[in-house]
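Everything below concerns the one structure shown next.
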There are 2 protein chains.
Amino acid sequence: MALKIEMLRAFCTVAQTGNLSEAANRLGRTQSAVSMTLKQMEDHLGKRLFEGERKNQLSPLGEQVFELAQKQVRRFDQTVQSIELAAEAAHGLLQIVSVPSVAALVFPPVLEHMTARHPGLKVELRDTDTQEVLDALAEGKADIGIASGYHPLNGVRAVPLFADRFGLVCATDHPLHRQETAPTIADVISSSFVRNALCGLIRNERFVEASSNADVTIHNTHSLITMVRTGKWVTVLPQTVARFMPEATAFRPIADLPDKREVYLYQRERSRFAALAEECCAFIQSCDLSGDPG
Amino acid sequence: MALKIEMLRAFCTVAQTGNLSEAANRLGRTQSAVSMTLKQMEDHLGKRLFEGERKNQLSPLGEQVFELAQKQVRRFDQTVQSIELAAEAAHGLLQIVSVPSVAALVFPPVLEHMTARHPGLKVELRDTDTQEVLDALAEGKADIGIASGYHPLNGVRAVPLFADRFGLVCATDHPLHRQETAPTIADVISSSFVRNALCGLIRNERFVEASSNADVTIHNTHSLITMVRTGKWVTVLPQTVARFMPEATAFRPIADLPDKREVYLYQRERSRFAALAEECCAFIQSCDLSGDPG
DNA sequence: AAAGCAACTTCAGGAAAGTTGAAGAATGGC
DNA sequence: GCCATTCTTCAACTTTCCTGAAGTTGCTTT
């Protein structure tokens, strides 16, 4: 039998839980059903997906399949959700996807503005990384996207939204915040520097080189803030992101790092409720988002 | 009943063919099976997907669902193919995705080099647009990718491969080729200019503005070449792409358009046959790809 | 207007796939 | 060596899916 979504889903669940009964539980099936599904899958592929007698160790092939399957399952579920959402929304639907840092800034006013003006309008807001924002636009899962950098995409209009200077983020009592002269790249890197996902956007050669052997990289913003608040660690972020940092942290430009993060607003050209998307984009552009009007 | 892949597939086929019997035929089902599947889907969503009595006109919702569903089905089939390929490949598997223009340049030597050195190695080569190259890398469907521009991606290493100047492509007997002085942006745009997908990579403000109201855009390279060969139309392409143009066409730098297309080599950091990917990347980098060593 | 036609829907029965609980086999901790 | 845990296998059962035949619907022919 051919591979099916439910087969992939079962496999992923087992791979994650590491045992059949727990997986069966999560899937709402019996253990034996899951066992048989898995056997079908292995038979079909002609190779084992697990090593050893139990299901707690993936084979190399299993690892690879797991990665593929998991992405596929997630994507499928998301598509289903999108389709169902689209079907429910009779009076209009606006799907907006953004990188988290801008989402926090944009979603509240957008939501207020659009729902007030359009009773019955359904709005879906989602935040993920730039890559997925672009995916969502390309696949028709989003009408409007906000992401870092310029990425030409068929059928999607891109306009610059704002630019945002990178700078040091550290605790207010950190030496680099207290010192009089603006810190340099060397200063920052030689402190206990934590890389983060947004650092990847900096093309500045000296920074790239200096930060390439940073020991710690944190992707989750919340954890990042926690680290910085201890006063022991510092990081580099765009200024608007730093706006959402708590009291005891501060943002400071870095003397020899003039780089900015360029944030673009993406808009699908063909969408079911084009007028709504148009209105929403106009509103987003009318907001003053830049924390750094220079 | 919940939405299933086979349901989406049936819907897409009907949407494409515009009638049930032809769709049933392609799906290897009877007409009535397809009819029932479609009914299930409409019942589930609570809305009609087609308008009128026949299945040849999608409703607005249908249009939207079609777009989502088709992408999902394609993606699913591709994932299945990847999984099956991975299972078959016992002695190594190398999945390489590239934008078409570089694919033509890179695939032949890579294939020769790698298969000669590794008997039993399976190689998968695919060409698509930059967006899908990045998707494939992000989803684990490719070990190595070649795409235009720099796009930071988690777990994927990016190194510049070569840069490639944009220039005029026209028939050899076109006035812009014959004239002594190098053509300018204004010259090119005021000729019968055909935009193409790669033009989107040019950030030069004057070019962007000038080309924004071009009447014709062609995405397919073959059609593009045909147009240029007539001698009536001209286009703008990177030099290496122009290398594959037939005899009667020529490439010429544009005086006030110094822009280059930057091509990057992407490499997944974790993959089942990491050593192979490593070797392959090294080989690709050792090739002299730039047609323009300046 | 009756017959013909093409596209689609509905229906009942049967085939295929998926599910279950119980019984059996393998493994590892104690 | 025994027991608990985990997984596989089996036969019966349920659900889902598919088919072929009959029934609608609306348009075209004569």
Side-chain angles (χ1 to χ4, degrees), chain A residues 1-59 61-62 65-66 69 72-73 76-77 80 84, chain B residues 1-59 61-62 65-66 69 73 76-77 80 83-84:
Chain A
M1 182 193 310
L3 295 180
K4 300 213 184 80
I5 279 280
E6 292 311 315
M7 238 158 158
L8 301 187
R9 193 192 304 281
F11 167 67
C12 287
T13 312
V14 174
Q16 280 170 318
T17 60
N19 84 53
L20 279 191
S21 39
E22 171 61 15
N25 202 32
R26 286 200 203 172
L27 292 165
R29 300 277 117 87
T30 56
Q31 191 196 31
S32 65
V34 180
S35 172
M36 286 170 119
T37 305
L38 230 55
K39 183 170 156 38
Q40 276 189 325
M41 190 161 161
E42 287 187 334
D43 286 354
H44 175 83
L45 297 178
K47 289 252 175 74
R48 304 216 50 190
L49 292 166
F50 293 89
E51 273 172 354
E53 297 300 324
R54 304 291 168 90
K55 303 293 183 199
N56 54 4
Q57 180 59 53
L58 285 168
S59 68
L61 174 63
V65 172
F66 177 51
Q72 183 57 56
V73 170
F76 176 78
D77 291 345
V80 168
E84 290 175 346
Chain B
M1 182 193 310
L3 295 180
K4 300 215 186 76
I5 279 280
E6 291 312 315
M7 237 159 156
L8 301 187
R9 194 192 302 281
F11 167 67
C12 288
T13 311
V14 174
Q16 280 170 318
T17 60
N19 83 54
L20 279 192
S21 39
E22 171 61 15
N25 203 33
R26 287 199 201 173
L27 292 165
R29 299 277 121 86
T30 57
Q31 190 199 33
S32 66
V34 180
S35 172
M36 286 167 113
T37 305
L38 231 54
K39 182 170 156 39
Q40 276 190 327
M41 189 161 162
E42 287 187 334
D43 286 354
H44 176 83
L45 296 178
K47 287 252 175 77
R48 304 217 50 191
L49 293 166
F50 293 90
E51 274 174 352
E53 297 299 323
R54 305 292 170 89
K55 304 291 185 201
N56 53 4
Q57 180 59 54
L58 285 168
S59 69
L61 174 62
V65 173
F66 177 50
V73 169
F76 176 78
D77 291 345
V80 168
I83 290 178
E84 290 175 345

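What you see is a predicted model; the values in this text were computed from it and never measured. In the text below, chain A, chain B and the rest are named by the order of the sequence lines, each starting its count at 1.
Contact annotation: side chain of A:R29 to base of C:dT20, donor-acceptor pair absent below 3.5 Å.
Nearest approach of A:A10 to A:L27, heavy atoms of both residues: CA-CD1, 3.8 Å. Taking all atoms of both residues into account, the shortest heavy-atom contact from A:L49 to A:V65 is CD2-CG2, 4.0 Å. Contact detail for B:S59 and B:R48: the closest heavy-atom pair is OG-O, 3.1 Å. Among all heavy-atom pairs drawn from B:I5 and B:V73, the shortest one is O-CG2, 4.4 Å. Nearest approach of A:L38 to A:F50, heavy atoms of both residues: CD2-CE1, 3.7 Å. For A:H44 against A:A2, the heavy-atom pair with the smallest separation is CE1-CA, 4.0 Å.
Regarding contacts with the backbone of D:dC17, every side-chain N or O of A:K4 stays at 4.0 angstrom or more from both OP1 and OP2.
When the nucleotides D:dG20, C:dG21, C:dC8 are ranked by their closest atom to the side chain of B:T30, D:dG20 comes out on top.
At whole-Å resolution of the value, NZ in A:K55 and C1' in D:dT5 are 15 Å apart. Between the CG atom of B:N19 and the P atom of C:dC5 there is a distance of 18 Å, given to the nearest Å. Regarding B:L20, its CG atom lies at a distance of 15 Å from the C1' atom of D:dT19, rounded to whole Å. As rounded to whole Å, 11 Å separates atom C1' of C:dA25 from atom CZ of A:R54. Atom CD in A:E51 sits roughly 15 Å away from atom P in C:dT27 (whole-Å rounding). Rounded to whole Å, the distance from CD on B:E6 to P on C:dA16 is 17 Å. In this entry the distance linking CD1 of B:I5 with C1' of D:dT16 reads 17 Å, nearest Å. In this structure, A:R48 places its CZ atom 11 Å from C1' of D:dC7, rounding to the nearest Å.
A salt bridge between B:R9 and B:E6 is present, with a side-chain N of the basic residue lying under 4.0 Å from a carboxylate O of the acidic one.
At a non-hydrogen distance threshold of 4.0 Å, B:S32, B:A33, B:M36, B:Q40 from residues 31-45 of chain B come into contact with DNA chain D.
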